[in-house]
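Reviewing the structure listed below.
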There are 2 protein chains.
Amino acid sequence: MKYIDKLRNSGLRPTKQRLLICEVLFNNEKTFHFTVNELERKIKDKINNKISLATIYNTVHAFEKKGYLKQIPVNSNQTYFDTNITDHHHFYNLKDGKLIDLENSDVGPINIKRKIDGKKIKSIEVLVKLED
Amino acid sequence: MKYIDKLRNSGLRPTKQRLLICEVLFNNEKTFHFTVNELERKIKDKINNKISLATIYNTVHAFEKKGYLKQIPVNSNQTYFDTNITDHHHFYNLKDGKLIDLENSDVGPINIKRKIDGKKIKSIEVLVKLED
DNA sequence: ACAGCTATTTAGAACCATTATAAACTACAA
DNA sequence: TTGTAGTTTATAATGGTTCTAAATAGCTGT
Ligand SMILES: [Mn+2]
Ligand SMILES: [Mn+2]
Ligand SMILES: [Zn+2]
Ligand SMILES: [Zn+2]
């Protein structure tokens, strides 16, 4: 399996639940955005025996901590995750709550002129809200 | 009262609850960021007879719809609001969950080169996450 | 292969911010 | 004043997320 080493090297035991979730998340042509509920549906579509919702949450958070997933800051009652972990930005379609990647090259370089004492910049994220 | 007309002109009846909330939100030297729970505390500090939490939610949403408040997109279990309704951006201190205004002039002009068919850009917001 | 240990999974309960409900109250216009 | 629609309120319901603690599974050393 192609994800066993990835997990072991991260100090995560390659359980069959995690391997299945890796398949769903990372074995795709394109990266994508998802909520935990959407991920649960994708997992159910893939297999017959289900994975507990608690495990899905555990795994998503474990992967996020290891840097294999990112959370996207949007106003929603659900948390949005991204399998695209490169530096990039987002369109947010207010109509249907869907996100669209906005590559760094599609946004001019962002230069934050102000500094905050004793703090380092961890990330700079642009959210472009779309309406009709 | 200075907020009676503002409310009437917005089609909102100037109830004593709304007027009190206006005082807390808008009668300040500086704008500020808040969650509904923080606002509830500020209101309790100001008066003895309390305002129902449901009314606080109702009012915040009414003011947001009228454009007197903005919601700020961050990853948190609580919704962050802003009494600063000008176009601007934010630092987000991951340590304590506090927001700091980042004026447009402290960020270079942001030029979104990509267009989405049939959609208009409603807002462009930059979130700069801070760590130690 | 086995034992022992720790990590992980799981069902279900708990949590908690937010929203819905529906009855009492209030601003306002006729 | 009176009627009506708008508003407030206590309280219940909702729903995403986290917690719990018991069962299970991966791993290391023998
Ligand atoms: Mn998380
Ligand atoms: Mn709102
Ligand atoms: Zn993305
Ligand atoms: Zn602000």
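Note on naming: letters A, B, ... go to the chains in the order of the sequence lines (proteins, then strands), and numbering restarts at 1 for each one. In this text the structure is predicted, and so the values were computed from the model without any measurement.
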If you assign each of B/A54 and B/Q78 to its closest nucleotide in DNA chain C, which residue comes earlier from the 5' end? B/Q78
Gap between atoms NZ and P, on A/K16 and C/dT8 respectively (whole Å): 14 Å
D/dG6 C1' sits how many Å from B/L7 CG, rounded? 13 Å
Using only atom types and a distance under 3.5 Å, with no angle test, would you say the side chain of B/K120 pairs donor to acceptor with the backbone of A/E131? no
For B/T35, which contact category applies under a 4.0 Å heavy-atom criterion: base, sugar-phosphate, or nothing? nothing
Going by an N to O cut-off under 4.0 Å, is there a salt bridge joining B/K95 and B/D132? yes
Is B/D96 atom CG crowded by more than 12 heavy atoms from other residues, nucleotides or ligands, each under 6.0 Å away? yes
Scan A/T15 against the nucleic acid and name what it touches under 4.0 Å (heavy atoms): base, sugar-phosphate only, or nothing. sugar-phosphate
Hey, is B/E38 close enough to B/K98 for a salt bridge, meaning N to O under 4.0 Å? yes
A/T79 side chain near D/dT17 phosphate (N/O to OP1/OP2, under 4.0 Å): yes
Taking D/dG16, D/dT7, D/dC27 as options, the one with an atom nearest any side-chain atom of A/P14 is D/dC27
Of the listed nucleotides (D/dA10, C/dT9, C/dC28), which one gets closest to any side-chain atom of B/R8? C/dC28
Please state how far atom CZ in A/R18 lies from atom C1' in C/dA7, giving the value in whole angstrom units. 8 Å
Mapping B/R13 and B/Y57 to their closest nucleotides on DNA chain C, which lands nearer the 5' end? B/Y57
Distance test, side-chain N/O of B/T55 to OP1/OP2 of D/dT9, below 4.0 Å: yes
Length of the NE2-C1' vector between B/H61 and C/dT19, whole Å: 9 Å
Between C/dA17 atom P and B/F34 atom CZ, what is the distance in whole Å? 16 Å
Could you state the atom-to-atom distance from CD of B/Q17 to P of C/dA24 in whole Å? 18 Å
For B/N58 and C/dA20, give me the distance from atom CG to atom P, rounded to whole Å. 10 Å
Distance-only polar pair, side chains of B/D101 and B/H89, donor-acceptor under 3.5 Å: no
Base, sugar-phosphate, or nothing: which does A/K50 touch, judged by heavy atoms less than 4.0 Å apart? sugar-phosphate
